[in-house]
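Whatever order the structure lists ligands and atoms in, that order sets their numbers, starting from 1.
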Amino acid sequence: MAPLKFCANISWLFTELPEVTQRMRDAARAGFRAVEAAWIYSSDLKELKTVKDETGLEFALINTPPGDLSAGDLGLGAVPGREQEFRQGLDLAVQYAKALDCRRIHLMAGRVPAGADRCAVAMEMEDTFVQNLKHAAGVLSKEGILGLIEPINSRITDPRYFLDSPHQAAVILQRVAHPSIRMQMDIFHWQIMDGNLTQNIRKYLPMTGHIQIAQVPDRHEPDSDGELSYTYLFKLLEELDYQDYIGCEYKPQRSTEAGLDWLRRYWSSHN
Ligand SMILES: O=C(O)C(=O)CO
């Protein structure tokens with residue numbers, strides 16, 4: 001069984017440094033061969049590419065732009081009436097992904113509008129998402145890029161996020177029915193929403209293109225106190241021969257460096 005591949009989410013790790021490029025260098029120094037990030041659109045693309053080339057880092061994943069964060073947007077994929085903006089954001093994400101040779105883009109669904117009843121708007125939002133994902137599939141398949149949809153828990157992290165369960169995502173993926181659109185499995189969110197991780201991982205891994213991890217409930221390092229045994233979960237993913245990236249998307253309890261012992265232990269026991 002091949003060792004699992006971990007990438008540093010530099011929107012959560014190495015945030016002791018303000019600049020994305022500084023975080024990239026620190027991630028490389030810490031031993032990571034790949035990074036992922038939420039939104040890098042305020043960074044100069046040429047600088048990102050220079051540092052990527054200098055460090056030899058791979059860019060594993062970026063997100064589509066969120067929309068207007070200050071107005072409460074967190075993605076536009078499933079938001080009726082914002083289709084044009086979603087498509088413009090997709091084009092920008094593709095521009096960055098191509099320049100950085102990044103092969104995965106998280107197509108963010110977005111939130112149920114404030115004040116709306118989730119059940120009342122669910123069908124319209126799902127239909128909007130399916131149409132946007134079918135459009136994205138056509139764009140991304142030409143570039144050899146995977147589009148990913150990620151359930152984000154609506155119990156703790158984001159009560160209004162539209163896509164909040166792996167089962168809901170699986171129905172949407174079935175409606176889109178395109179190999180360029182796959183699941184983004186964030187084990188932190190899946191535990192909070194559904195538990196039953198062994199069954200859900202076994203069931204949905206075949207349609208998954210990226211994984212993210214954090215401990216539950218405080219979203220710290222995998223080896224911090226919490227509900228999950230990542231020793232068990234990593235063994236399960238090795239047994240299932242998962243070969244894509246695992247994004248380290250957690251809040252360090254102290255510093256990023258101090259919190260990386262779990263990964264050093266994994267690397268030293270698998271090299
Ligand atoms: O909030 C999360 O878990 C994300 O991955 C957003 O991109």
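Residues in residues 6-25 take part in these ring pair (Phe, Tyr, Trp, His ring centres under 6.0 Å) pairs, two or more places apart or across chains: F6-F234, F6-W262, F6-Y266. Under the ring pair (Phe, Tyr, Trp, His ring centres under 6.0 Å) criterion, no residue pair touches residues 100-151, with sequence neighbours excluded.
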Ligand 1: protein N/O within less than 3.5 Å of ligand N/O:
from, atom 1, to, atom 2, distance (Å)
ligand 1, 3 (O), E150, OE2, 3.2
ligand 1, 3 (O), D186, OD2, 3.2
ligand 1, 3 (O), H189, NE2, 2.7
ligand 1, 3 (O), R219, NH2, 2.7
ligand 1, 3 (O), E249, OE1, 2.9
ligand 1, 5 (O), E150, OE1, 2.7
ligand 1, 5 (O), E150, OE2, 3.2
ligand 1, 5 (O), Q212, OE1, 3.0
ligand 1, 5 (O), E249, OE1, 3.1
ligand 1, 5 (O), E249, OE2, 2.8
ligand 1, 7 (O), N63, ND2, 2.8
ligand 1, 7 (O), H106, ND1, 3.3

Practice task
Assess whether salt bridge (charged side-chain N to carboxylate O under 4.0 Å, His left out) is satisfied between D244 and R104, documenting all intermediate values.
Solution key: CA-CA 10 Å; D244 285 314; R104 294 166 196 83; 3.3 Å; yes

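A donor-acceptor pair is defined here as one N or O able to donate and one able to accept, closer than 3.5 Å; such a pair exists between the side chain of R182 and the backbone of T208. Judged by distance alone, the side chain of Y242 and the main-chain N or O of Y245 form a donor-acceptor pair under 3.5 Å.
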Mind listing the side-chain donor-acceptor pairs of residues 26-33 below 3.5 Å, one per line with the distance, residues two or more places apart or on another chain?
from, atom 1, to, atom 2, distance (Å)
D26, OD1, R29, NE, 3.3
D26, OD1, R29, NH2, 2.6

